[in-house]
Asks: 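Below you will find the structure I want to go over with you.
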Amino acid sequence: MTQLLNSLNPAQREAVAAPLGHQLILAGAGSGKTRVLVHRIAWLIQTQGLSPLSILAVTFTNKAANEMRHRVETLLGWPAKNMWIGTFHGLSHRILRAHWQEANLPEGFQILDSDDQFRLIRRAMTELKLDEDRWGVKDAQRFINSQKEEGRDPSEITAYDHATATFVKIYQAYQEMCQRAGVIDFTDLLLKTHRLWQNHPQVLAHYQQRFRYLLVDEFQDTNAIQYAWLRLLAGHENHMMIVGDDDQSIYGWRGARVENLQRFCDDFRHARTIRLEQNYRSTGTILKAANALIAHNTERLGKNLWTDGSDGELITVYAGFNDLDEAYFIVNRIRDLQYTGHSLRDIAVLYRSNAQSRVIEEGLMQYGIPYRVYGGLRYFDRAEIKDALAYLRLIANQQDDPAFERIINTPLRGIGDRTLTAIREFAKTEQLSLWHALQLLLERQFFSARMAGSLESFMQLIRMFAEKCRTLSLHEQVELVIQQSGLIAHFRQEKGEKGIARVENLEELINAARQFEQESGAEESAQLTTFLAYAALESGEEQANISEDSVQLMTLHSAKGLEFKVVFLSGCEEELFPHYLTLDDPKGIQEERRLCYVGMTRAMRKLYITYAESRRLHGKESYHKPSRFLHEIPGELIDEIRFRTKVSRPTTTSSTTTSTATFSSSRDTPFYPGRTVTHKIFGEGVVLGCEGTGEHMKVKVRFAKVGTKILIASFLNVE
DNA sequence: TCTATGGTGATTTTT
DNA sequence: TCACCATAGA
């Protein structure tokens with residue numbers, strides 16, 4: 001047992017071996033918080049004799065949950081398969097599946113993702129005859145989600161003005177549509193679980209008695225409904241350990257409430273606060289700089305990171321002439337690092353907004369440095385995948401209007417907007433699902449003979465699928481649907497790389513289903529439902545070939561929780577960072593400062609901070625002062641370099657290739673870096689570099705499909 | 001129903 | 001600037 005504690009520092013040990021009761025662990029960046037959580041779980045089981053089944057561990061992302069489960073298993077030495085470790089949404093989902101009746105849900109309820117939600121809200125607005133230009137769908141969506149996060153039903157909202165009253169009407173209509181279609185959105189997962197507990201004390205009691213010990217990660221990111229959820233589950237009897245860092249609260253804009261940390265201490269009396277301040281990640285210099293920066297924030301719970309390691313190198317600040325020059329500097333430093341034997345995966349370039357990645361990508365491309373940009377489309381979010389899943393949803397439940405809308409004319413079968421509007425209107429007046437409405441309209445011979453034919457064959461198709469699927473395994477169902485729905489044929493027609501990729505993605509879905517069959521313990525009859533929920537809740541890893549050693553490009557937000565040996569914090573200019581939309585709100589600026597703190601503390605050994613004196617933004621050249629955050633870092637920790645040569649944007653033509661050719665020395669060949677080329681077998685790719693001349697020139701090309709290859713120029717075609 | 005064109009507007013993201 | 005949308009015309 002003491003073995004468990006041996007590897008920990010005093011503060012960590014205090015947290016891990018704290019007596020039962022409530023604990024708030026204020027865990028600074030890089031202080032080993034996951035380690036503490038995982039050890040605490042092991043300690044509860046091994047020394048306190050708690051059953052693994054009486055422990056509930058909650059995180060925000062699937063990634064964090066998977067990591068925690070994995071580390072618990074490693075530490076305990078046995079599989080923790082039946083332990084409840086998961087996200088708020090995943091755990092809520094599990095509970096709602098078990099209590100669908102009490103929760104007033106259909107047995108096979110499905111989950112809407114944000115995109116489905118958007119479409120359904122838009123439809124609700126059309127039905128209410130609201131002008132989309134005046135009433136933004138996005139605004140309505142935000143309104144609805146934030147009301148739900150506060151736990152409010154449409155009937156519970158007092159509307160003092162016309163705008164709010166309108167949004168409430170939309171909320172009401174949307175909610176009714178969800179109910180009728182048998183679907184729920186992400187926030188509903190939490191809200192309906194909370195309601196379930198409130199309305200059914202015996203269900204609540206069951207979970208309260210089962211989960212005697214709750215552990216919550218990243219508590220500063222909890223919103224109102226999540227807090228209420230936890231509080232209800234904890235009741236008066238149970239114990240709770242929460243881990244968080246108020247200085248890393250960067251999601252206030254999407255409803256996260258840092259105040260929940262303080263509130264926890266008020267609500268759960270006698271909660272013990274333990275600070276983890278020893279940092280195992282960064283150099284002394286980086287920590288001093290980060291501490292100095294964050295000290296400019298007010299109302300902190302207070303924390304000072306320290307290390308017993310060395311001070312390391314100074315922070316290099318680079319003042320670029322413009323954004324190109326800034327990128328040029330970063331790329332050159334990366335090349336230096338590469339030559340001195342660093343792995344590219346240890347290097348990250350961070351920025352405030354996604355648009356900033358472009359210039360840096362172009363620079364990296366010129367030198368053929370592989371990179372990976374985070375924040376792309378995820379597997380289950382791809383249109384073709386969502387189409388296929390919509391077929392499966394409609395097969396499972398014909399009331400599923402969002403699924404119906406998605407595929408009624410995908411692939412194209414000549415069912416246009418007018419036909420659809422007629423179905424929608426009939427469905428609305430008769431309070432029916434679209435499927436049912438269509439059925440009745442066909443019976444009444446509402447449509448022209450031709451249209452009726454198309455519609456009838458669509459319904460036949462779905463009925464046939466439903467019939468056949470009864471006897472098929474999950475992956476066979478998927479296969480049947482993507483083959484015979486015409487989806488594959490449809491995307492095969494699509495020209496270029498895109499179509500090929502889509503077909504491949506669809507085929508991959510069969511594999512995903514097969515894998516799911518083997519891994520999920522679900523009964524065969526429930527597998528389709530569970531698979532669909534899995535697809536909605538776990539949108540999958542971003543696609544990238546992880547095997548290739550590449551520089552990591554991402555926003556500051558997505559960098560949270562990660563660490564890299566070398567970090568470039570780019571675009572540190574007023575109005576970009578802190579972002580101009582936050583400038584008039586002191587709270588906003590403080591959150592930006594925390595974002596900067598998060599960024600800086602990602603660096604283990606070396607931190608570069610860069611900015612540009614001028615930058616092309618929204619098509620215009622703009623000038624900004626260096627970020628105020630730079631001035632908040634003590635000068636003695638900084639080594640500032642200014643640009644030596646002006647790197648100007650070519651003023652001639654404005655195509656991408658010429659503007660980036662600033663980096664390139666080999667413009668005189670048709671195979672200059674950045675150029676798109678095609679190859680008979682490998683498809684489309686981007687030139688990274690070349691050597692030699694004429695027909696025998698060797699060209700290094702990165703192909704979308706097969707990765708980087710060096711080829712003889714004569715085998716390549718310039719588009 | 002598909003394609004071309006012009007207007008618009010432009011943080012951060014997970015489930 | 002550029003990517004997204006909505007609308008008009010084939």
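Here is how names work: the chains are called A, B, and so on, in the same order as the sequence lines, proteins then strands, and each is numbered from 1.
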Asks: Rounding to the closest angstrom, what is the interatomic distance between dT12(B) and dC5(C) at atom P?
Replies: 16 Å
Asks: On the 0 to 90° scale, with breaks at 30° and 60°, tag the Trp197(A)-Trp229(A) ring pair as parallel, tilted or perpendicular.
Replies: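 Tilted.
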Asks: CE of Met451(A) versus P of dT1(B): gap in Å, rounded?
Replies: 7 Å
Asks: Rounding to an integer number of Å, can you tell me how far Asp221(A) CG sits from dT14(B) C1'?
Replies: 10 Å
Asks: Return the 5'-most residue of the pair Ala536(A), Gly416(A) with respect to DNA chain B, ranking by each residue's nearest nucleotide.
Replies: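 Closest to the 5' end, via its nearest nucleotide, is Gly416(A).
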Asks: Could you tell me whether Asn62(A) contacts a base, only the sugar-phosphate backbone, or nothing, with contacts defined as non-hydrogen atoms closer than 4.0 Å?
Replies: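 Touches sugar-phosphate only.
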Asks: So, Glu149(A) versus Gln147(A): side-chain donor-acceptor pair below 3.5 Å or not?
Replies: no
Asks: Describe the nucleic acid contact of Leu112(A) in one word from base, sugar-phosphate, nothing, applying a heavy-atom distance below 4.0 Å.
Replies: nothing
Asks: For Asn409(A), report the nucleic acid contact type (base, sugar-phosphate, nothing); a contact means any heavy atom under 4.0 Å.
Replies: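 It contacts sugar-phosphate atoms only.
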Asks: Output one line per pair: protein atom, nucleotide atom from nucleotides 10-12 of chain B, and distance, for all N/O pairs under 3.5 Å.
Replies:
| unit_1 | atom_1 | unit_2 | atom_2 | d |
| --- | --- | --- | --- | --- |
| dA10(B) | N3 | His618(A) | ND1 | 3.3 |
| dT11(B) | O4' | His579(A) | NE2 | 3.3 |
| dT12(B) | OP1 | Asn354(A) | N | 2.8 |
| dT12(B) | OP1 | Asn354(A) | ND2 | 3.2 |
| dT12(B) | O4' | Arg352(A) | NH2 | 3.2 |
| dT12(B) | O2 | Trp253(A) | NE1 | 3.3 |
| dT12(B) | O2 | Arg352(A) | NH2 | 2.6 |

Asks: Hey, does the side-chain of Arg616(A) have a donor or acceptor N/O within less than 3.5 Å of a partner on the base of dT1(C)?
Replies: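 Counting by modelled atom types and ignoring angles, no donor-acceptor contact under 3.5 Å is found here.
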Asks: Mark yes or no for whether Gln552(A), through its side chain, and Val373(A), through its backbone, hold a donor-acceptor pair below 3.5 Å.
Replies: no
Asks: Find the distance Arg142(A):CZ to dT14(B):P and express it as a whole number of Å.
Replies: 17 Å
Asks: Lys560(A) has an atom NZ; how far is it from atom C1' of dT13(B), in whole Å?
Replies: 11 Å
Asks: I need the CZ-P distance between Arg418(A) and dT1(B), as an integer number of Å.
Replies: 11 Å
Asks: Can you find a side-chain donor-acceptor pair between Glu361(A) and Tyr371(A) that sits under 3.5 Å?
Replies: yes
Asks: Nearest-Å distance, NZ (Lys148(A)) to P (dT14(B))?
Replies: 21 Å
Asks: Checking Thr222(A) against Asn260(A): is there a side-chain donor and acceptor pair closer than 3.5 Å?
Replies: yes
Asks: Could you tell me the separation between the CD atom of Gln356(A) and the P atom of dC2(C), rounded to a whole number of Å?
Replies: 16 Å
Asks: Do Arg615(A) and Glu326(A) meet the salt-bridge criterion of a basic N to acidic O distance under 4.0 Å?
Replies: yes
Asks: For Glu127(A), which residues count as a salt bridge (charged side-chain N to carboxylate O under 4.0 Å, His left out) partner, sequence neighbours excluded?
Replies: Arg123(A)
Asks: Trp229(A) CH2 to dT15(B) C1': how many Å, rounded?
Replies: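 About 13 Å, once rounded to whole Å.
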